[in-house]
2 protein chains.
Amino acid sequence: MARSTRWLDEDQEASWRSYRQMASRLEAHLARSLARDGGLSVPDFDVLTALTDAPERRLCLKDVAAGLLWSPSRLSHHLDRMQARDLVRRVPCPEGRGSDVETTERGVAAVTAAAPAHDAAVRDAFVDVISRKDLATLGRIAEAVLENLADAPDA
Amino acid sequence: MARSTRWLDEDQEASWRSYRQMASRLEAHLARSLARDGGLSVPDFDVLTALTDAPERRLCLKDVAAGLLWSPSRLSHHLDRMQARDLVRRVPCPEGRGSDVETTERGVAAVTAAAPAHDAAVRDAFVDVISRKDLATLGRIAEAVLENLADAPDA
DNA sequence: CCGCAGGCATTGACGTGTCAACCACACGGC
DNA sequence: GCCGTGTGGTTGACACGTCAATGCCTGCGG
């Protein structure tokens, strides 16, 4: 922190800019593609995927939040919206405190219908554009950045 | 498109997940850091930077939008908010149609004060975590993905 | 049995972003 | 001179996310 006034050099600046543009464009692109064929948003898709991956297609709220790295509040708000569209349903939690979410029929249908196209979109826009080796490098980079963020949780 | 049912393999899936997590955590981290010391949001910072980089610290709206890859509507909404906080000011455009934005004193002060810490945050959380070589690779990846997105503007 | 401590979830207010509809004005043809 | 047309900008409605405050139970100590 406070590493005095040593600015990013030109290469670093360029990479950083490119990265930022890629991140925002890519996100927007996938969001639009997902919305077009199926009417789901990316967060919708993430929630439904988490649920369908779980046994009984049902999870405790805090586990969903932990898995997606979402704040409780974000999850609650989003479940409100999804529940209003009949994609998921809140159900009382059998064991102890907390409560569960489960997918509805519509939810399962929506995510099942959307998954292949979404997967294809991820490949077309991202995975297939990058060499296997570079993709692995990117994975390592992401892990390193995440770990570094976790170490310095705040600052 | 519609590359039938060939799913991402495990490595690809892992890299994709890591990338997504990095992108969202990193964005959140930088946003918080910027907000803490200076009260600016990332979009605020982007707009102010674009303006202070310009001669006369003043630009035509559509040029700002083009430079940041923002929609006109996004820019208009954001300028409303920034103008309400006296960070920028809309001014009539001397030549022909359209209108300009310029920074206020407060705007310049805010971005000047925030820039070093933001730069340091980008280094601490990102640039310095990645080897020079990997950073260059990331830059190339980003360029490739952006170009690929530009080629298939819609789909 | 009462009370309160802490984890889990919800709520409200607000900033941010998208899409679609709209307004306004400069310009070219007639 | 007047009317399309198109570009540049705005607006409204809504989805998304954050923060801070709150509510609601469970379980434990007196």
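Letters A, B, ... are given to chains in the order of the sequence lines, protein chains preceding strands, and every chain is numbered from 1. Note that the structure is a prediction, hence the values are computed from the model and not measured.
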Which protein N or O atoms sit under 3.5 Å from an N or O of nucleotides 11-13 of chain C?
unit_1: C:dG12; atom_1: O6; unit_2: A:H77; atom_2: NE2; d: 2.8

Starting at atom [atom1] of [X], determine the distance to atom [atom2] of [N], rounded to an integer number of angstrom.
{"X": "A:L79", "N": "C:dA9", "atom1": "CG", "atom2": "C1'", "value": "11 Å"}
{"X": "A:F45", "N": "D:dC16", "atom1": "CZ", "atom2": "C1'", "value": "18 Å"}
{"X": "A:E27", "N": "D:dA15", "atom1": "CD", "atom2": "P", "value": "18 Å"}
{"X": "A:R81", "N": "D:dT18", "atom1": "CZ", "atom2": "P", "value": "11 Å"}
{"X": "B:W70", "N": "D:dT10", "atom1": "CH2", "atom2": "C1'", "value": "16 Å"}
{"X": "A:R36", "N": "C:dC19", "atom1": "CZ", "atom2": "C1'", "value": "13 Å"}
{"X": "B:L75", "N": "D:dT10", "atom1": "CG", "atom2": "P", "value": "8 Å"}
{"X": "B:L30", "N": "D:dT18", "atom1": "CG", "atom2": "P", "value": "14 Å"}

- Is there side-chain contact between B:F126 and B:L135, with at least one heavy-atom pair below 4.5 Å? yes
- Query: Going by heavy atoms in the side chains, are A:W70 and A:H78 under 4.5 Å from each other?
  - Reply: yes
- Message: Check whether A:S15 reaches the backbone of A:Q12 with its side chain - one donor and one acceptor, N or O, closer than 3.5 Å.
- Response: no
- Query: Under 4.0 Å: is that the gap between some side-chain N or O of A:S71 and OP1 or OP2 of D:dC19?
  - Reply: no
- Hey, does the side chain of B:R32 come within less than 4.0 Å of D:dC19's phosphate (OP1/OP2), counting only N and O? yes
- B:A125 to A:V145 - nearest heavy-atom pair and separation: O-CG1, 3.5 Å
- Message: For a quick test of reading the model, state the closest non-hydrogen atom pair linking A:P116 to B:W7 and the distance between them.
- Response: N-CH2, 4.4 Å
- Looking only at side-chain atoms of B:P43, point me to the closest of D:dG9, D:dC16, C:dG17. C:dG17
- Sequence neighbours excluded, every pair satisfying salt bridge (Lys or Arg N to Asp or Glu O under 4.0 Å) that has a member inside residues 58-75 of chain A: A:R58-A:D100, A:R58-A:E102
- Please work out which residues in residues 50-69 of chain A have a non-hydrogen atom less than 4.0 Å from an atom of DNA chain C and list them by number. A:C60, A:L61, A:K62
- State whether a side-chain donor-acceptor pair under 3.5 Å links A:D134 with A:T137. no
- Any side-chain donor near an acceptor of the partner, A:R57 and A:T103, under 3.5 Å: yes
- Query: What distance do B:I141 atom CD1 and A:S131 atom OG have between them, rounded to the nearest 0.5 Å?
  - Reply: 7.0 Å
